[in-house]
Student: 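This is the structure, below, for whatever I ask next.
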Amino acid sequence: MTSSDDEDGAIELISRIKSLERELDLAKEQLEQYGGKKSGKNVSNRGAFAEKRGYLFKWADRSIGWGGSKWALRFVVLESGRLRYFGSHTDTQPRYGVMLRGLGIRDDGWKTNASGAKFYVFSIFERHDDDAKTDNSLDNTVPLLRFSTPSSAEKALWIDLISSAIAYCETDGFLEDEAARGEELARRQEEEKTMAKAMPESRDETLPPLYFAPPISKPKGLTQRLPSVPSFAKRLDHEQKDKSKLKRSTSFQTRAKIRDLDKAEARSKRSYPASKPMHREAASSLLSPDAKTQNFRGFLNLGFLVLLLSNFRLLLENIRAHGFAFQLTIPSVGDILHDPWQHFPLVTAACFQLGFVTLAFGIELLLSRGHLDGYLGMLLHYTNAHTALAMPLVVVWTMIDHPAVGFLLLFHAVITWMKLLSYIHANEDYRTSRGQHDDTKRMIQDLDPLEMDMTYPDNVSLGNILYFWCAPTLTYQIVFPKYPRIRWWKVFTILSRMAAVVMVSSFLVAQVVNPTLAGLLRDLEAGKEQQILIFVKYWLKLSITSTYLWLLIFYGYFHLYLNLFAELLRFGDRVFYRDWWNSATASAFWRLWNMPVHYWLVRHVYFPCIRLKMGKAFASIVVFLLSAVMHEVLVSVPFHVIRPWSFLGMMLQMPLVALTKYLYRSNPGLPSLGNYLFWLSFCLVGQPMAVLLYAVDYQYKMRMGEADVQSEL
């Protein structure tokens with residue numbers, strides 16, 4: 001190596017050292033500026049790096065205990081001035097999170113559970129800096145989040161770190177870091193979109209993985225087949241043959257013959273050796289639970305085909321036996337004017353229900369302005385709400401013969417009754433505790449800018465109560481999350497799907513359910529077999545069809561009908577149901593399948609029972625009892641028969657809840673056992689059996705009524 005080479009190396013090394021020194025100085029400057037000027041550098045830096053992860057018990061304020069604890073174990077993460085909690089450490093999306101700027105932390109002491117164990121509690125609340133609060137006023141503050149832990153030291157550590165993070169959030173450095181994090185998040189989202197478009201497909205001759213999402217369209221240029229490239233083995237064979245003494249002349253050969261010779265030469269021992277290893281790693285069979293990748297989309301397609309063909313065969317047999325029974329009848333204008341309750345019940349009922357809604361607004365308006373005594377106003381409120389339910393009950397029982405028409409009218413009357421009770425309870429709370437609900441509004445996100453500052457009594461308006469009456473929710477609050485605009489293409493899509501669901505459901509009822517029930521009545525009257533055997537035979541015939549109808553009704557109402565009104569009203573929270581089909585216990589099903597009713601029962605039945613010092617188990621019994629009574633009213637009154645079948649079916653859910661919980665806890669490795677029991681009890685046993693019992697009672701009453709009329713004549 002020459003001296004010039006040494007000099008060049010020294011110069012390069014010195015340049016590298018200076019570059020590293022500049023990077024170090026830049027890092028020091030960024031570290032010094034990371035804090036802020038308000039709270040001091042030490043506190044700011046400490047809060048900026050305050051991070052902690054761990055499991056805590058979170059107070060579940062939106063669920064019923066169902067005989068269990070309302071403290072749910074959650075994975076809590078504190079980082080970057082935010083506090084979030086997940087269902088478990090394996091979840092990728094948080095269930096809820098808050099920015100700690102403007103918040104405070106409070107030590108709530110400790111409490112004991114039923115077994116006497118101590119749990120140390122702390123809560124997060126909205127802080128009001130301009131109002132020096134006393135300890136008594138802090139106790140009345142509604143917490144945003146509330147956690148507990150069995151360790152006193154763990155609670156002290158959480159409080160210390162969260163306090164440091166809150167102090168950091170009040171600095172200018174936090175705002176600068178927040179802006180930088182926003183830019184970094186936007187950059188990552190763009191990268192993820194780019195990567196998603198470039199994701200490779202599955203291997204050749206296999207189905208793509210089962211994703212319930214629209215496939216990403218590829219550019220046309222990427223779908224064209226790329227030209228083949230010779231392998232390394234082929235190039236090596238060509239090079240060796242070119243070096244040999246006897247070279248092949250190709251001047252007289254066509255291009256096709258050259259390709260054939262290339263293939264023949266590639267099939268040599270070097271390209272396809274007999275010793276090529278076929279087994280290269282330890283791997284399980286694809287049907288084993290510990291297999292690396294499992295893709296059963298082909299079996300899912302096979303199941304759909306088998307289901308389609310088997311049911312199509314049964315449908316053809318039904319049409320051959322009973323003919324084509326489905327008929328679409330549209331009432332004329334004369335029929336509607338002659339008997340509006342029978343032919344146009346929903347519009348007729350809506351006109352009457354609108355009067356009760358308007359009267360509720362007038363009563364609340366007088367209460368908000370102090371023109372009406374509180375006790376008298378609440379008496380008028382409850383009288384108006386219960387009359388809104390009692391009048392449709394009388395109308396359906398005395399004037400409407402068709403069970404389906406009566407059910408629809410009574411169903412919407414019950415919804416109005418529940419909405420009015422929620423409106424009464426919520427506004428009473430707003431009215432009696434004015435100025436104390438600003439903390440709760442912080443829990444609501446995606447608000448309309450025009451409604452962000454709305455407080456009581458600004459919400460007492462006719463437009464507000466009419467919006468709530470039409471909104472797909474049963475629980476009233478001053479403001480709701482909203483979408484920025486109406487997507488009309490989605491409205492038309494929902495309407496087309498609703499039309500298809502109504503047509504298919506009507507066809508199944510006319511073509512399958514009605515002939516099956518008629519055959520059941522004929523066999524019962526003939527008495528050729530024992531009644532138990534007859535019931536079992538027709539129950540098996542009706543079980544699959546009733547399951548289809550139940551799923552169609554669920555999809556048509558909870559997904560299409562409620563989403564239609566949500567889209568038209570820009571209603572934001574559209575989680576009308578959760579994944580109830582994965583329920584391993586009966587209690588999970590009742591919590592997940594109907595979120596509007598669940599929230600109403602929690603807030604307006606379960607919480608009042610707890611405030612009256614009732615136990616959680618007794619409060620759950622009260623919830624089930626009210627639900628059973630309302631189910632019986634919705635079924636018995638339209639059928640004009642008072643029978644206990646629906647009431648008993650609901651009350652029998654309580655031992656089913658206990659049984660499925662026992663199976664789930666005693667067999668944690670077999671959660672599917674409870675799911676099988678859920679599907680069997682709800683869809684394959686409960687639904688068709690209820691249809692058979694009410695249909696037999698209704699037909700028996702109708703025939704007895706016809707016999708009485710003929711005897712009088």
Student: Suppose the criterion is salt bridge (charged side-chain N to carboxylate O under 4.0 Å, His left out): which pairs have a residue in residues 75-86, not counting sequence neighbours?
Tutor: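 Residue pairs passing salt bridge (charged side-chain N to carboxylate O under 4.0 Å, His left out), neighbours aside: Arg53-Glu79, Glu79-Arg84, Arg82-Glu178.
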Student: Going by the rule salt bridge (charged side-chain N to carboxylate O under 4.0 Å, His left out), which residues pair with Arg74 if we only count those two or more places apart in sequence or in a different chain?
Tutor: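 Listed in chain order: nothing, the list is empty.
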Student: In chain order, what residues pass the side chain to side chain donor-acceptor pair (under 3.5 Å) check against Trp580, with sequence neighbours excluded?
Tutor: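 Scan of Trp580 (side chain to side chain donor-acceptor pair (under 3.5 Å), adjacent residues dropped) gives none.
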Student: When you measure from the side chain of Asn384 to the backbone N and O of Phe356, does any donor-acceptor pair fall under 3.5 Å?
Tutor: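 Yes: the side chain of Asn384 pairs with the backbone of Phe356.
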Student: Please check this pair: side chain of Gln353 against backbone of Ala388, looking for a donor-acceptor N/O pair closer than 3.5 Å.
Tutor: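 Here the side-chain-to-backbone pair exists.
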Student: Under the rule for ring pair (Phe, Tyr, Trp, His ring centres under 6.0 Å), what residues qualify as partners of Tyr85, not counting sequence neighbours?
Tutor: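 Once residues adjacent in sequence are excluded, Tyr85 has no partner under the ring pair (Phe, Tyr, Trp, His ring centres under 6.0 Å) criterion.
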Student: Do Tyr55 and Ser88 have side chains that get closer than 4.5 Å, going by heavy atoms?
Tutor: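 A side-chain contact exists here, since the closest heavy-atom pair is under 4.5 Å.
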Student: Kindly indicate whether the side chain of Val77, heavy atoms from C-beta on, has any atom under 4.5 Å from the side chain of Leu83.
Tutor: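 No, too far: nothing below the 4.5 Å cut-off.
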Student: Would you check if Trp71 and Phe119 make a side-chain contact, meaning some heavy-atom pair closer than 4.5 Å?
Tutor: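 Contact flag for Trp71/Phe119 side chains = no.
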Student: Decide if the gap between the ring center of Phe565 and the ring center of Phe571 is smaller than 6.0 angstrom.
Tutor: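 So the answer is no for these two rings.
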Student: Kindly indicate, with the supporting measurements, whether the criterion side-chain hydrogen bond (donor to acceptor under 3.5 Å, both in side chains) is fulfilled by Tyr456 and Glu364.
Tutor: CA-CA 11 Å; Tyr456 187 88; Glu364 188 59 39; 2.6 Å; yes
Student: Please check if the distance between the ring centroids of Trp593 and Phe558 is under 6.0 Å.
Tutor: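 That pair passes the under 6.0 Å test.
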Student: Using the side chain to side chain contact (heavy atoms under 4.5 Å, CB included) criterion, which residues pair with Ile415? Sequence neighbours excluded.
Tutor: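 Once residues adjacent in sequence are excluded, the partners of Ile415 under the side chain to side chain contact (heavy atoms under 4.5 Å, CB included) criterion are Phe411, Lys419, Leu474, Tyr557.
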Student: Check the pair Thr149 / Ser151 against side-chain hydrogen bond (donor to acceptor under 3.5 Å, both in side chains), numbers first and verdict last.
Tutor: CA-CA 5 Å; Thr149 174; Ser151 172; 5.2 Å; no
Student: Taking side chain to side chain contact (heavy atoms under 4.5 Å, CB included) as the test, write out the residues that go with Ile159, two or more places apart.
Tutor: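 In terms of side chain to side chain contact (heavy atoms under 4.5 Å, CB included), with neighbours along the sequence ignored, Ile159 is linked to Ile105, Asp107, Phe122, Lys155, Ser163.
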Student: Who passes ring pair (Phe, Tyr, Trp, His ring centres under 6.0 Å) against His381, sequence neighbours left out?
Tutor: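 With neighbours one apart ignored, the set is empty.
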Student: May I ask you to decide if Tyr555's main-chain N or O and Tyr577's side chain share a donor-acceptor pair within less than 3.5 Å?
Tutor: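 Flag not set: sc Tyr577 to bb Tyr555 has no pair under 3.5 Å.
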Student: May I have the step-by-step check of salt bridge (Lys or Arg N to Asp or Glu O under 4.0 Å) for Arg431 and Asp429, ending in yes or no?
Tutor: CA-CA 5 Å; Arg431 187 172 59 253; Asp429 191 25; over 6 Å; no
Student: Using 30° and 60° as the class boundaries, would you call the ring planes of Trp590 and His631 parallel, tilted or perpendicular?
Tutor: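 Aromatic pair Trp590/His631 classed perpendicular.
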Student: Show, in sequence, the C-alpha distance, side-chain angles and deciding distance for Arg106 and Ser123, and conclude whether the side-chain hydrogen bond (donor to acceptor under 3.5 Å, both in side chains) test is met.
Tutor: CA-CA 5 Å; Arg106 180 179 63 197; Ser123 58; 3.2 Å; yes
Student: Taking only residues two or more places apart in sequence, or in another chain, which ones meet Phe618 in a side chain to side chain contact (heavy atoms under 4.5 Å, CB included)?
Tutor: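 Phe618 satisfies side chain to side chain contact (heavy atoms under 4.5 Å, CB included) with Met614, Val622 once adjacent residues are dropped.
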Student: How far apart are the C-alpha atoms of Leu656 and Leu677, what are their side-chain angles, what is the distance that settles it, and do they pass the side-chain contact (heavy atoms from CB on, under 4.5 Å) test?
Tutor: CA-CA 9 Å; Leu656 183 62; Leu677 187 60; 4.2 Å; yes
Student: Are side-chain heavy atoms of Thr547 and Leu551 found at a separation under 4.5 Å?
Tutor: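 SC-SC contact between Thr547 and Leu551 confirmed.
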Student: For Thr493, check side chain to side chain contact (heavy atoms under 4.5 Å, CB included) against everything at least two apart and list the hits.
Tutor: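 Only Trp489, Arg497 meet the side chain to side chain contact (heavy atoms under 4.5 Å, CB included) criterion with Thr493.
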Student: For Ser646, is there any backbone N or O sitting under 3.5 Å from a side-chain donor or acceptor partner on Glu632?
Tutor: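 Checking the backbone N and O of Ser646 against the side chain of Glu632, a donor-acceptor pair under 3.5 Å is found.
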Student: Does Ser422 form a side-chain hydrogen bond (donor to acceptor under 3.5 Å, both in side chains) with His604? I'd like the steps, not just the answer.
Tutor: CA-CA 7 Å; Ser422 180; His604 301 294; 2.9 Å; yes
Student: The criterion is salt bridge (charged side-chain N to carboxylate O under 4.0 Å, His left out); which residues satisfy it with Asp448, sequence neighbours excluded?
Tutor: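 Per chain and number, Asp448 pairs via salt bridge (charged side-chain N to carboxylate O under 4.0 Å, His left out) with Arg570.
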Student: Would you please name every residue forming a salt bridge (charged side-chain N to carboxylate O under 4.0 Å, His left out) with Glu567, sequence neighbours left out?
Tutor: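 With sequence neighbours excluded, Glu567 shows a salt bridge (charged side-chain N to carboxylate O under 4.0 Å, His left out) to Arg487, Arg574, given in chain and number order.
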Student: Could you tell me if the side chain of Thr660 sits less than 4.5 Å from the side chain of Phe678, heavy atoms only?
Tutor: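 A side-chain contact under 4.5 Å is absent here.
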Student: Would you mind reporting whether Trp417 and Leu420 have side-chain heavy atoms less than 4.5 Å apart?
Tutor: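 They are not in contact (no side-chain heavy atoms under 4.5 Å apart), so the answer is no.
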Student: List in chain and number order the residues that pass ring pair (Phe, Tyr, Trp, His ring centres under 6.0 Å) with Tyr423, two or more places apart in sequence or in another chain; answer none if no residue qualifies.
Tutor: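 Once residues adjacent in sequence are excluded, the partners of Tyr423 under the ring pair (Phe, Tyr, Trp, His ring centres under 6.0 Å) criterion are Tyr476.
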Student: Is atom OH of Tyr662 surrounded by more than 12 heavy atoms (other residues, nucleotides or ligands) closer than 6.0 Å?
Tutor: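 Open.
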Student: Dump the intermediate steps for side-chain contact (heavy atoms from CB on, under 4.5 Å) on Leu569 and Tyr467, then the final yes or no.
Tutor: CA-CA 8 Å; Leu569 298 173; Tyr467 180 89; 3.7 Å; yes
Student: Just by modelled atom types, is the Val633 backbone N or O under 3.5 Å from a matching donor or acceptor in the Ser636 side chain?
Tutor: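 Looks like no, no N/O pair under 3.5 Å.
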Student: With the side chain counted from C-beta on, respond yes when Leu466 and Cys470 share a heavy-atom pair under 4.5 Å apart, and no when they do not.
Tutor: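 Not in contact.
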Student: Taking the side chain as C-beta and beyond, is there a heavy-atom pair between Leu354 and Trp469 under 4.5 Å?
Tutor: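 The answer is yes; the side chains approach within 4.5 Å.
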